[in-house]
Amino acid sequence: MASIFTKIINGEIPSYKVAENEDYLAFLDINPNASGHTLVIPKKEENKLFDLSKEAYLSLLDFSYRVAKAIEKTIPCERVGMSVIGLEVPHVHVHLIPLNGMSDIQFTKKVTLKEEEFISLATKIANNFE
Ligand code: AMP
């Protein structure tokens, strides 16, 4: 069965997109640790990060780097953190999270954003993506 992220790629369920090319998609996490928490996924569905070929792994990180730069330009924070977990959604995804402290990367503290805030954040990050 297609993962929830493949359904996002196929436009079957909505997302707040921040960057996209032929192989990768970046969109806002729906239950963010912090404002600007973004997920970067390969369009080719694969469960585990280290099951990717080395080339696909490095290419995903390269795209994630560009997305992280756009987040840094958009969201005031101490730094952008990166994490790969995948226990909830079995489709490789890189979490990019604006950090101001350890609690922002612990996946326990969550922020609630309104629809218009998601849209505004996604638009601003997208505008800074190069
Ligand atoms: P994990 O698999 O543990 O790395 O976490 C999966 C992440 O995907 C969580 O942070 C969820 O909030 C996020 N997530 C799940 N469904 C969606 C969705 N439809 N749109 C955006 N983010 C999602």
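Keep in mind the model is a prediction, meaning the values are calculated, not measured. Each ligand, and each atom within it, is numbered from 1 in the order the structure gives. All residue numbers in this chain count up from 1 along the given sequence.
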For ligand 1, list the protein residues that place a heavy atom within a distance below 4.0 Å of one of its atoms, sorted by chain and number.
I4, F5, I8, F27, L28, D29, I30, N31, L39, I85, G86, L87, E88, V89, H93, H95
Centroid separation under 6.0 Å, is that true for the rings of H95 and H93?
yes
Taking the six-membered ring for Trp, are the ring centroids of F118 and F27 within less than 6.0 Å of each other?
no
Backbone of D104 reached by a side-chain donor or acceptor of N33 within 3.5 Å:
yes
Side-chain donor-acceptor pair under 3.5 Å between Y24 and S59, yes or no?
yes
As a quick check of understanding, evaluate side chain to side chain contact (heavy atoms under 4.5 Å, CB included) for F50 and V84, giving each step before the final call.
CA-CA 10 Å; F50 297 115; V84 177; over 6 Å; no
side-chain hydrogen bond (donor to acceptor under 3.5 Å, both in side chains) against K48, all qualifying residues, sequence neighbours excluded:
none
